[in-house]
Amino acid sequence: MTPLAKLLEAALFASARPVPADELSALDPDASAAAIAAALDELKSHYDEEGHGVELVEIAGGWQVLTRAEYTEAIERAQLAARPQRLSAAALETLALIAYRQPIGRAEVEEIRGVNVGSVLKSLHERGLIDVVGRAEGLGRPLLYGTTPLFLEHFALRHLEELPRADELAIALRQNVVDERSATSSETRADV
Amino acid sequence: MTPLAKLLEAALFASARPVPADELSALDPDASAAAIAAALDELKSHYDEEGHGVELVEIAGGWQVLTRAEYTEAIERAQLAARPQRLSAAALETLALIAYRQPIGRAEVEEIRGVNVGSVLKSLHERGLIDVVGRAEGLGRPLLYGTTPLFLEHFALRHLEELPRADELAIALRQNVVDERSATSSETRADV
Amino acid sequence: MTAIPPEVFVAGSTFPLPPGLARTDGSGKDDGGFLVELTSFSGPLDLLLALIRDEKVDIYDIPIARIAEQFLLRIHSLGLNEAADYLEMAARLLRIKAQLLLPRGETEEWEDPRAELVRRLLEYQQMREIVDVMEHRADERRRQFARAFLPDQPTPPQAPLALSLSELLSAVDRVLRFGRAPNMHDVVARPLDVPAAIEIIRSLLALRARLQWTDVVAADAPPWQVLSALLGLLELARLGELRVAQPRPFANVEISRDPDDPASEAA
């Protein structure tokens, strides 16, 4: 490809929106409108004739490089199938605290966990596992969090009382945590 | 290009972040790992040899298409994209220590940097460059930090081992000299 | 990477932002010293290294009196009087200076009071070398743009969440052990019956060499039974009586007698 076509490809790749031809001319002050048009033609032909997974299209008065429609389905399927997302240890611990201590405010979770949990709370909320269930009395009336019906559904619980008692759990799990951790350590762990 | 290379290209153009290898494999369940690797090679060569404005790079266990560095200024001049802000010296120093000594606690970072690092750790954590990876034994069970995949992306690393080894650094040689000179010093310390 | 000659100390400690890129968010909010340095030094060791470089002195033979004086001058002129980190280093320098003035014993082994400081400076300098490498890499990466346009997805696809009850309960356990004494005993009251679950699993395994999770627990079993079975299974696995495998995420858990267990051959 010509240098100008390569520059246009890079610019269109990096732009978040379709770029009108006159904005593209700002890329190279020496390039005439005709030269820009010719380079766009060249890029378009290259994508079409060399068999690329992307194409150059004119949308809303601007130019944009897009993935070809025939691949969309496979891409979305792969994105979903690739890795069921796992909660990070931080998210799990926060969720556990909320399940057992709800309604609970952010400050209390942070005090127990010793770290900022703002982003974790946001992720858990986006996942629909927790929700705001009220406000505490006192300064600033902080939000209180609790678990959602989706949380129960996820663990096939009918109600929260079906969770085992925390003190039993600590004893029962203590011997097994290590085994279980080593069994799952090979799996990938995405942060929430 | 082969159909598989086109499919991979389409998927790579559909992501703002490196696409993990297993997600690429999920694009075509019939394709072997070797076939995927060959198609990636094909795409990379095509970009390099046919003169494209973008290139294929391996980062953080995945693959990513990026614009070539030579077009940065032109793209910024045309205001089609802007470089992200740089990390401060404080952030970089803290990241360097965490990268080399993870899992590492706040106290150790502060001892080496000679400053309080509470707010820097908080910012790095919020930006997803570090995460809590455990707790140390001992008083208060302090949090231990490690780097994240986003850290690798920020520095365009395939993995942590791409950072220079401590013995490759000029100062490592001097470290031995000072050890000999101050042989009476009882404290020995692992290299960064 | 380029080797830095030992006598050349890490040069600048400032990371000037290119014009127009500083504070582009315009928020001006406190970013925790993250993007813009409060001073041109990232800490007292950074300042100290700069002084050693400026004064052209040997790091292994630091003239402490001179350097301490310069250090105090600098933190004064930089308006760093409030910075506890710098004051602590100033105090340390003065302490070393005082120690150096003490008469040395002739016979006893003398330890240079500067040794610990030199060690810390070298350690810090090594870290600065790493920072240089990392900064260079980050700058290279910043010169390349990633794909910015991502098509609108009406329903943002979220990958299915792989989250098991055992993971949640392990997290409860971690919080209990590591957390700052949360009281989590007062909510729930359903007892588990792990021994009974173990008996059930043992009985089933006596009949069949291989089981599936769904053989052990009915699909509509209440959670306390599921949990009891899970904990029982883990306990038996720990004891080596059986093996548990899950061929892929979400697949049925396969349970088999431990092939190394001679008792399993007889059954």
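Atoms considered below: every heavy atom in the structure, side chains included; atoms not considered: hydrogens, waters and symmetry mates. Every chain is numbered from 1 and lettered A, B, ... according to where its sequence line falls, protein lines coming before strand lines. On a predicted model such as this, the values are computed, not experimentally measured, just so you know.
- Checking side-chain atoms of B/R77 against main-chain N and O of A/L27 turns up a donor-acceptor pair under 3.5 Å.
- Residue contact with chain A, scored on non-hydrogen atoms closer than 4.5 Å, is absent for B/E73.
- Put simply, CD1 on A/I75 and CG on B/L24 are 10.5 Å apart, with the number rounded to the nearest 0.5 Å.
- Proximity to chain B (any heavy atom under 4.5 Å) is restricted, for A/V19, to the side chain, taken from C-beta onward.
- With a 4.5 angstrom heavy-atom cutoff, B/L121 does not touch chain A via any of its atoms.
- Nearest heavy-atom pair across B/F13 and A/T67 is CB-CG2, 3.7 Å.
- Nearest heavy-atom pair, B/R135 versus A/I112, reported as atom, atom and distance to 0.1 Å: NH2-O, 4.1 Å.
- Without hydrogens or angle criteria, B/E9 side chain to A/H52 main chain gives no donor-acceptor distance under 3.5 Å.
- Of all heavy-atom pairs spanning A/E50 and B/E50, the tightest one is OE1-OE1, 4.5 Å.
- Per-residue counts of heavy-atom pairs under 4.5 Å with chain A were compared for B/L43, B/V54, B/L80; the largest is that of B/L80.
- Shortest non-hydrogen contact noted between A/A10 and B/Y71 is CB-CD1, 3.6 Å.
- Using a 4.5 Å cut-off between heavy atoms, B/L143 touches chain A through its side chain atoms alone.
- Comparing B/A11, B/A81, B/P29 by how many heavy-atom pairs each has under 4.5 Å with chain A, the most go to B/A11.
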